[in-house]
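Let me begin by presenting the structure, written as structure tokens, before commenting on it.
These numbers come from the heavy atoms of this one structure, side chains and all, not from hydrogens, waters or symmetry mates.
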Amino acid sequence: MATSSDKWTQKDWIEWVNTDSGKAMAIDAQNMEDRTRSIRLLTDDPVLLAPLAQAKEVMKDGAVFEGLHASGSDSGESRALAYGRLKALRALFSQLEEAAAASLSH
């Protein structure tokens, strides 16, 4: 796993963004941003907007992910924090999906 290696250099990042995984990650990030913007424009339902706002807040602070890949601390604590944030994002988007499905079924 790349994130368990030593700190990444600028060359590592240049190579990463050109890999299939790096390209897919960038596309996924842009899709999340586009879709969250669309949801905010299409609904005023607080049940849908609450997890969306929380996810947006988690994604806003990119520094928390430095424990995984950047020049920040690579301690176990910083990695645990970063992976915790990733799990929180997954849970928030699952909550959003469940709320949307429930809303559409009524």
Side-chain angles (χ1 to χ4, degrees):
M1 183 155 116
T3 59
S4 62
S5 64
D6 289 335
K7 294 179 181 178
W8 286 32
T9 65
Q10 183 176 11
K11 181 179 181 256
D12 294 330
W13 280 113
I14 292 168
E15 290 175 4
W16 167 254
V17 298
N18 290 316
T19 65
D20 289 343
S21 297
K23 290 174 185 176
M25 185 179 73
I27 290 168
D28 289 345
Q30 187 60 52
N31 283 339
M32 281 194 312
E33 183 65 31
D34 292 346
R35 289 180 179 149
T36 56
R37 185 179 303 114
S38 294
I39 292 168
R40 286 194 314 268
L41 292 172
L42 294 171
T43 186
D44 60 357
D45 184 346
V47 173
L48 296 176
L49 294 177
L52 190 64
Q54 291 172 341
K56 184 86 171 159
E57 190 64 28
V58 171
M59 290 187 298
K60 180 176 81 173
D61 182 17
V64 73
F65 300 111
E66 287 183 359
L68 300 179
H69 57 68
S71 60
S73 171
D74 61 357
S75 69
E77 182 179 316
S78 63
R79 286 177 194 237
L81 177 62
Y83 283 118
R85 287 287 178 103
L86 291 172
K87 288 180 182 180
L89 275 175
R90 180 177 289 167
L92 288 165
F93 282 115
S94 291
Q95 181 182 349
L96 174 62
E97 182 180 8
E98 290 170 14
S103 177
L104 290 172
S105 68
H106 290 107

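Atom CZ of Arg35 and atom CG of Leu42 lie 13.0 Å apart (nearest 0.5 Å). Taking CD of Glu98 as the reference point, atom CG of Leu48 lies at 12.0 Å (rounded to 0.5 Å). Between the CG atom in Asp34 and the CE atom in Met32 there is a gap of 10.5 Å [rounded to 0.5 Å].
Taking the side chain as every heavy atom from C-beta outward, Val47 and Ser103 never approach each other to under 4.5 Å. Under the 4.5 Å side-chain criterion, counting only non-hydrogen atoms from C-beta, Glu33 is in contact with Lys56.
In Asp20, the CG atom is not crowded: 12 or fewer heavy atoms of neighbouring residues, nucleotides or ligands sit closer than 6.0 Å. Surrounding CZ of Arg40 are more than 12 heavy atoms belonging to other residues, nucleotides or ligands, all under 6.0 Å away. For Arg37, the CZ atom is densely surrounded, since the number of other residues' heavy atoms within 6.0 Å is greater than 12.
Residues Ile39 and Leu96 share a closest heavy-atom pair of CD1-CD2, 3.9 Å.
Annotation: side chain to side chain donor-acceptor pair (under 3.5 Å) contacts of Glu97 (sequence neighbours excluded): none.
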